[in-house]
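This report refers to the structure that appears directly beneath it.
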Amino acid sequence: MQAVALHPEVIVARSVKWQTSCTVLHHGDETFVVDSVIYPSELELLPGLLAQAGWELSGLLVTHGDWDHVLARLAFPEAALGVAETTAARLRAEPGRAARQLRQADEDDYVQRPRPLSLGQVQALPVPGKLGLGDSELELLPADGHTQDGMAVWSPAHRILCCGDYLSPVEIPWLQEHGNRDAYVATLRRLQPYVEQADWIVPGHGEHLDAQRALAILREDLAYLEALPSEDAPLPLARRDRRQKEIHADNVQHVPGAGGPPAP
Ligand SMILES: [Zn+2]
């Protein structure tokens with residue numbers, strides 16, 4: 001796991017698995033942890049990271065309900081988990097799914113954990129909306145399209161945007177089971193004014209980005225999404241390895257063609 005301070009009050013940890021990001025935002029006497037790292041040895045380090053900084057946890061936030069983002073409860077089993085209303089609805093509709101998918105991934109990776117995942121009391125937050133952080137506020141922005149649920153977190157005190165699974169330097173836009181191309185495009189356009197004024201953008205996967213680099217990714221991702229469902233939709237130069245081509249093939253199946261879904 002890598003951990004870097006992007007600001008005296010912000011630490012970002014990145015998992016070895018899928019470069020999944022976990023962001024600690026502190027201001028005044030409050031601290032939120034957004035999303036999670038994945039492996040037990042990485043999660044174990046999180047409480048110490050906060051203790052070392054002298055920060056006391058106020059709560060956990062997740063950008064969306066995919067299992068790889070909701071694991072911080074394993075590090076802070078007593079903490080409340082704040083999610084967008086759309087994510088709360090999704091978690092209610094698919095109880096136990098994140099825990100099941102974690103178990104499968106752990107089997108694949110031969111990883112053992114001291115205890116199974118329990119999301120505990122999930123707190124649904126109104127999105128768009130605001131959440132107090134010391135004498136500042138976090139802005140919660142709708143971010144759907146990758147999945148049917150989610151939010152991005154903008155911290156004006158730090159000028160940092162935690163955008164969830166958008167604007168990744170390592171993963172092309174991925175339309176999952178209940179994802180939607182038009183919603184994804186709308187989310188990118190909604191995020192753009194925040195990206196433009198951000199010091200740092202922390203994507204769900206991959207290293208943090210300055211505004212210029214995030215805007216370049218945003219343009220590439222819009223061009224890619226708008227060309228779907230063409231198989232020839234332009235994969236960004238830095239994101240066209242075998243795995244990204246598999247995701248692209250998934251996306252092509254997912255977006256209906258102008259004349260309806262392709263014949264079987
Ligand atoms: Zn993810």
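Every number for a ligand or one of its atoms is a count from 1 in the order of the listing. Hydrogens, waters and symmetry mates are skipped; everything else that's a heavy atom, side chains included, is used. Here, residue 1 is the first one in the sequence, and each next residue gets the next number.
- Expressed to the nearest 10°, the angle at the Zn ion (ligand 1) joining NE2 in His69 with OD2 in Asp68 is 80°.
- Taking 4.0 Å as the cut-off between side-chain N and carboxylate O, Arg242 and Glu246 count as a salt-bridged pair.
- Not one N, O or S atom of Glu171 sits under 2.8 Å from the Zn ion (ligand 1).
- Contact annotation: His205 places an N, O or S atom under 2.8 Å from the Zn ion (ligand 1).
- Nearest N/O/S atom of Asp165 with respect to the Zn ion (ligand 1) is recorded as OD2.
- For the Zn ion (ligand 1), the N/O/S atoms of His146 include none lying under 2.8 Å.
- Side chains of Leu74 and Leu102 form a contact here, defined as non-hydrogen atoms less than 4.5 Å apart.
- Rounding to the nearest 0.5 angstrom, the gap separating the CD atom in Gln101 from the CG atom in Asp66 is 7.5 Å.
- For the side-chain hydrogen bond (donor to acceptor under 3.5 Å, both in side chains) with Thr63, the qualifying choice from Asp35, Thr87, Thr23, Thr147 is Asp35, the only one to do so.
- Side chains of Thr187 and Asp144 form a contact here, defined as non-hydrogen atoms less than 4.5 Å apart.
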